[in-house]
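One structure is given here, and the rest of the page talks about it.
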Amino acid sequence: MRLPGPERLEADTRMKGVFLSAALLMAAAIPSYAILTEWYPEGPPYRYGPLGTGRYSLVWNMPRYATAPKRPYVILGRIRANGGIGGSPRTRAVEEARKHGADAILWTKAETHAEVNSIGLIGLLSHCDYLAIRWAKPPR
């Protein structure tokens, strides 16, 4: 039975609201790191990275190096982690690195859009680049 005039419009609006609510619920269920990180794998044979001073801090019990580590390592891939609400680029990079079997991450670059800094939202539209690394025996 087809509803007349205003009743039909109200029913249509209600159905659109149900579909919109379902779409928002599905979007909220997707982990944010999956949307806000990009993985660029390095294929085998993996290349060794340069050695450095080895300054690091722990992020979720994974070393995040600011300078190249002192011990030999291979580069598994590159990670671009974006800022946003509900997480930081560091924690997103650690989650992505763990998925690919990395022992640590090495920070390489950070960028923040200048227009974002001017309104005080530092971090929301920024991104950081990392290398996912695994400890290895020294090359011969």
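Excluded from the calculations below are hydrogen atoms, water molecules and symmetry mates; all remaining heavy atoms, backbone and side chain alike, are included. One-based numbering along the sequence shown.
In the hydrophobic cluster analysis, where Ile, Leu, Val, Met, Phe, Trp and Tyr join through side-chain heavy atoms closer than 4.5 angstrom, W135 is grouped together with I75. Residues Y48 and I133 fall into different hydrophobic clusters, defined by Ile, Leu, Val, Met, Phe, Trp and Tyr side chains chained together at heavy-atom separations under 4.5 Å. Residue L106 is not grouped with residue V74 when hydrophobic side chains (ILVMFWY) are merged at heavy-atom distances under 4.5 angstrom, including chains of intermediate members. When hydrophobic clusters are built by joining Ile, Leu, Val, Met, Phe, Trp and Tyr residues whose side-chain heavy atoms come closer than 4.5 Å, directly or via intermediates, V94 is grouped together with W107.
Smallest separation of non-hydrogen atoms from A93 and Y130: CB-CD1, 3.4 Å. What you find for T53 and K70 is that their closest heavy atoms are O-CE, 2.8 Å. Across all their heavy atoms, A104 and M62 have their closest contact at CA-CG, 3.8 Å. Closest approach of P50 and Y73 over heavy atoms only: O-OH, 2.8 Å.
Looking at residues two or more places apart in sequence or on another chain, you find a salt bridge (charged side-chain N to carboxylate O under 4.0 Å, His left out) between R78 and E42. Among residues two or more places apart in sequence or in another chain, the side-chain hydrogen bond (donor to acceptor under 3.5 Å, both in side chains) test is passed with Y46 by none.
Distance check, rounded to the nearest 0.5 Å: CD1 of I105 to CZ of R64 gives 6.5 Å.
Counting heavy atoms from C-beta on, the side chains of P63 and L58 come closer than 4.5 Å. Within the 4.5 Å cutoff, the side chain of W60 has no heavy atoms near those of the R90 side chain. With contacts defined as side-chain heavy-atom distances shorter than 4.5 Å, the pair W39/I79 qualifies.
Between R134 and D103, none of the side-chain N atoms (NZ, or NE/NH1/NH2) sits under 4.0 Å from a carboxylate O, so this pair counts as no salt bridge. Ion pairing between a basic and an acidic side chain is recognised when a charged N comes within 4.0 Å of a carboxylate O; E95 and R98 show no such pairing.
Side-chain atoms of T67 never come within 3.5 Å of backbone atoms of G52 as a donor-acceptor pair (strictly under, hydrogens ignored).
Taking the six-membered ring where tryptophan is involved, the planes of Y56 and Y65 are tilted, since the angle between them lies from 30° to 60°.
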